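Step one of this worksheet: look at the structure below.
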Amino acid sequence: MSVVTGDPRVLLIRDGWLTALIGLWMLGTLFTSRPFLRTASVSIVVAKIGEAGARKWDARWHNEPDFRHRLRVLTTVWGLGLGLALDAVVRVVLAYTLPLDAIPLAGTVQWLVLPAGIIVFHVRYIKRHGIQA
């Protein structure tokens with residue numbers, strides 16, 4: 001697209017397309033029995049509490065509507081924050097407001113700050129609502 005449009009800024013927002021696709025996939029899993037966070041958490045839960053504990057943790061999905069709701073909330077936060085809205089919007093704003101030579105550094109900082117913020121929210125949320133393994 002950068003070659004077609006002649007605008008180097010288009011090239012600088014390309015990573016936003018990838019994260020948008022990942023975010024759409026995460027949000028798409030909300031309508032299944034295995035939302036992103038349910039699937040992504042399995043290996044962490046196994047490592048923390050073992051296979052038997054992981055089966056009990058996963059059984060909560062079938063028995064506790066609040067547990068299902070909270071995993072879906074977290075999946076939504078990850079899908080919107082890391083994927084769609086926040087990441088893509090921030091990339092476009094940075095690409096069209098900063099000088100060209102500053103955008104790569106700003107993008108790197110964004111890759112550090114945005115996931116860190118989501119992780120802080122995630123950890124607080126799972127502790128507050130008792131859904132950690």
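Model, not experiment: these values are computed from the prediction. Residues: numbered from 1 along the sequence shown.
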May I ask you to test the [X]-[Y] pair for a side-chain heavy-atom distance under 4.5 Å?
X: P35; Y: W61; answer: yes
X: H129; Y: V73; answer: no
X: T29; Y: T75; answer: yes
X: F36; Y: L74; answer: no

Please report the shortest heavy-atom distance between [X] and [Y], naming the atom on each side.
X: N63; Y: R68; result: N-NH1, 4.1 Å
X: H122; Y: L37; result: CE1-CD1, 3.4 Å
X: L98; Y: A106; result: CD1-CB, 3.5 Å
X: T32; Y: R72; result: O-NH2, 3.1 Å
X: A40; Y: S43; result: O-OG, 4.1 Å

Give, for atom [atom1] of [X] and atom [atom2] of [Y], the distance between the pair rounded to the nearest 0.5 Å.
X: I49; Y: Q132; atom1: CD1; atom2: CD; answer: 10.0 Å
X: S41; Y: K48; atom1: OG; atom2: NZ; answer: 10.0 Å
X: D87; Y: L114; atom1: CG; atom2: CG; answer: 6.0 Å
X: E64; Y: H69; atom1: CD; atom2: NE2; answer: 13.5 Å

With a 4.5 Å cut-off on side-chain heavy-atom distances among I, L, V, M, F, W and Y, is there a chain of contacts connecting [X] to [Y]?
X: Y125; Y: L71; result: yes
X: V93; Y: V113; result: no
X: I119; Y: I22; result: yes
X: V123; Y: F121; result: yes
X: V46; Y: I131; result: no

Check: Checking R70 side chain against I126 main chain: does a donor-acceptor pair fall under 3.5 Å?
Finding: no

Q. Aromatic ring centroids of F67 and W57 under 6.0 Å?
A.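 Judged by ring-centre distance (under 6.0 Å), F67 and W57 do meet the cut-off.
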
